[in-house]
Structure formats: structure tokens, C-alpha cells
**Student:** 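Provided herewith is a single structure, encoded as C-alpha cells, for subsequent inquiry.
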Amino acid sequence: MPELPEVETVVRSVAAHLAGRRILESKFTSKFVTPGSRAKLAQRLLGRRIESVRRRGKFIIIELDEGTLTVHLGMTGKLLIQGQTNQHTHGVFTLDDGMLFYQDPRQFGRIEWSAGESPRVKRLGPEPLEISLDEFRVRLKRTTRMKALLLNQTFLAGLGNIYADESLFAAGIHPLTQANKLTATRAARLHRAIQGILTHAIQLGGSSISDYVNAEGERGWFQMEHRAYGREGEPCVNCGKPIRKILVAQRGTHYCPRCQKK
DNA sequence: ACTAATGTTGTAGG
DNA sequence: GCCTACAACATTAG
């Protein structure tokens, strides 16, 4: 479910519901989602007040009056403020007003408490919607291929497979292009494409390609705007040539062989 | 039965 | 150190 626009949508749909609430009880059932002692985590959260909720990259950061709860949705994680528990519910929070559920069939997501900023968040690169063109160009001085670089969270925090493919398509850049070979013009085009795509996707509530929903159970609509991702064999919206799918950095990568050049 | 799926991390080798 | 491939985590859908 979760790249920057989806996580941003979840945060926006959950923030007002959580801010100022007190955690009366919490229960965890997955040793993968909540590594270490689940009882200890629940004990730590008992009675804590939620000060604020924000996004950093693909992480949801819940500031408590003591410590920080950091949530990553992995591949199939959901944070819901309504609904009921099922076999994939691995976190249940009872608040002084309302509930919060964490569901995650694949259990690639994580819910972790830390005294300060989570070490995983510390390692993240800049926010793609905030980085300047100058800094973006400096960070492109690498020999790796563009698709792999866009997926690297220490380069930029928040792009995943969908928005990497969509950004490269919008900028007309082949996914196998070596990063440091981009001309200044094409680097600027990519910078603008990333920000434009992410902004548009947030406006549409993210992409619901299988079952992504925000915290209120509502779907996003940006999947209707996909030009490359998931369109293998379908005609390019610009030139009509079939979209091609290749493997880059072990991830399915969609691009137009005519519009996207190295 | 087999493959791929919105992600991250650790290991090995060039 | 940088870069790449691969495996692992666990489940579902086609």
C-alpha cells in the first residue's frame, strides 16, 4: 500500500483523530511487526498521551508525551480508526476516545517505540517535496542506475516502485540511465516530475492498486493517472508504443522504450 | 504449481 | 566505500 502519497494520506486522515488522545490499552500479536517483547511495548504505551502525528519518508511518526512510536506500513500495512479486528490485525489500541487498528497480512510493517528519533528515520535522505534543485543535482553524482537510486531511501525518502516509475516516465528518462550522466536539463526535469507526481498523487489520496485505503477506509484514485506502472503492453499515452517491463534492482520496472531515453 | 506483489535489511562478491 | 544480485521476512492473488 504505502509510498509517500499513501502514507501522507493516512497521516492526514488519522492525525486529528489521534492528537491529544491517551492510550488506555494496546495489544500486539506479531513477532515480526513488533519485534522484541510485545508485553513490554504495551506497558510502555500504557497511559501515554499522543502529542502529534506526522510523516517522514514512508514512516508515520507518533510523538508521545514520553518517547516516539514509529510505524512503517511495509507492503500491506493499514492503520484504521474504524472497522473490526480480523486474522491480520496485529495491533489494537484503545484510546480515551476511539480505537486504532493496525492490519498487515504480510507483516512486513513495523511498530516500534524509541526514546528519541527512530534510528531507521535518522538514516533517511531528504524529503522529495522539500529538496531544492541544487541539492538534488549534487546528490545525483553517483554511478548507480536511476531506478535503483530513486528506490534508495537514503537518496530521497518516500519514493517506491510506483512513483519511481511514474516520475521517470514523466521526465522522459530511461530507468537504466546512470545517475551522474543526466544533463542539467534532464535533472531539472526529473526534480520537477517527482514533485509534480507526488503532489498530484497526494491530492488524489494516493494509489489504490490492490487494497490500499486511508485510515477511514477510503480508496485513493491516483492509480487512474498511472502512465507506466502496471501498464505493461498497453500503449504509451504519448507515442502509442507498448509500455515495456524489465527487472531493475530486483523490482518490476515499467517504461516507454520510445519516450524514455538514456 | 508457480510467480509477482506499493518494502527493507543483511550478506556476498566484483 | 560503491554497486549489484540474492535471500529473507509472510501472505494473497492471478
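The sequence lines fix the lettering, A, B, ..., with proteins before strands; numbering per chain opens at 1. These figures come from a predicted structure and were not determined experimentally.
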**Student:** Looking at C/dT12, I'd like to know if its phosphate oxygens (OP1 or OP2) sit under 4.0 Å from a side-chain N or O belonging to A/His88.
**Tutor:** yes
**Student:** List in numerical order all residues of residues 144-165 of chain A for which some heavy atom is under 4.0 Å away from an atom belonging to DNA chain C.
**Tutor:**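 Under 4.0 Å from DNA chain C: A/Thr144, A/Arg145.
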**Student:** Would a distance-only check, ignoring hydrogens and angles, find a side-chain to backbone donor-acceptor pair under 3.5 Å from A/Thr199 to A/Gly196?
**Tutor:** no
**Student:** Show, in sequence, the C-alpha distance, side-chain angles and deciding distance for A/Thr34 and A/Trp113, and conclude whether the side chain to side chain contact (heavy atoms under 4.5 Å, CB included) test is met.
**Tutor:** CA-CA 9 Å; A/Thr34 42; A/Trp113 182 91; over 6 Å; no
**Student:** Listing request: all side-chain hydrogen bond (donor to acceptor under 3.5 Å, both in side chains) pairs with a residue in residues 220-229 of chain A, at least two apart in sequence or in separate chains.
**Tutor:**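 Pairs touching residues 220-229 of chain A that pass the test: A/Ser207-A/His226.
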**Student:** Can you check whether A/Lys245 has a side-chain N or O nearer than 4.0 Å to OP1 or OP2 of B/dA5?
**Tutor:**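 Yes, such a contact exists.
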**Student:** Hey, quick one: are A/Val53 and A/Leu45 part of the same hydrophobic cluster, counting side-chain heavy atoms closer than 4.5 Å, chains of contacts allowed?
**Tutor:** yes
**Student:** Taking only side-chain nitrogens and oxygens of A/Lys58, does any of them come within less than 4.0 Å of OP1 or OP2 of B/dT6?
**Tutor:**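 No, A/Lys58 has no side-chain N/O under 4.0 Å of OP1/OP2 on B/dT6.
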**Student:** Could you give me the stems involving DNA chain C, meaning stretches of three or more consecutive Watson-Crick or G-U wobble pairs whose two defining distances are both below 3.5 Å?
**Tutor:** B:2-5 with C:11-14, B:7-14 with C:2-9
**Student:** For A/Ser13 and A/Ala215, indicate whether the former's side chain and the latter's backbone hold a donor-acceptor pair under 3.5 Å.
**Tutor:**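 Indeed, once roles are kept as given, a pair shorter than 3.5 Å links the two residues.
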**Student:** Would you say A/Thr143 reaches C/dC3's phosphate, i.e. side-chain N/O to OP1/OP2 under 4.0 Å?
**Tutor:**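 Answer yes for this pair, as a side-chain N or O of A/Thr143 is under 4.0 Å from OP1 or OP2.
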**Student:** Within a radius of less than 6.0 Å around CZ of A/Arg21, do more than 12 heavy atoms belonging to other residues, nucleotides or ligands occur?
**Tutor:**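 Yes, enclosed.
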**Student:** Tell me which residues in residues 106-126 of chain A put a heavy atom below 4.0 Å from DNA chain C, sorted by number, or none.
**Tutor:**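 Listed by number, they are A/Arg106, A/Gln107, A/Phe108.
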**Student:** Could you go through A/Gln178 and A/Thr143, starting from their C-alpha distance and side-chain angles, then the distance that decides it, and tell me whether this counts as side-chain hydrogen bond (donor to acceptor under 3.5 Å, both in side chains)?
**Tutor:** CA-CA 6 Å; A/Gln178 199 174 299; A/Thr143 60; 5.4 Å; no
**Student:** With sequence neighbours excluded, what pairs up with A/Glu232 under the salt bridge (Lys or Arg N to Asp or Glu O under 4.0 Å) test?
**Tutor:**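 A/Glu232 satisfies salt bridge (Lys or Arg N to Asp or Glu O under 4.0 Å) with no other residue.
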**Student:** Going through the checks in order, is the side chain to side chain contact (heavy atoms under 4.5 Å, CB included) test met by A/His88 and A/Lys78?
**Tutor:** CA-CA 10 Å; A/His88 299 307; A/Lys78 283 182 193 160; over 6 Å; no
**Student:** Return a table of donor-acceptor pairs under 3.5 angstrom between the side chains of residues 116-123 of chain A and protein atoms on other chains or two or more places apart.
**Tutor:**
| residue | atom | partner | partner atom | Å |
| --- | --- | --- | --- | --- |
| A/Ser118 | OG | A/Arg120 | N | 3.1 |
| A/Lys122 | NZ | A/Glu117 | O | 3.1 |

**Student:** Can you find a side chain N or O atom of A/His72 that sits less than 4.0 Å from OP1 or OP2 on B/dT8?
**Tutor:**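 Affirmative; the distance criterion is met.
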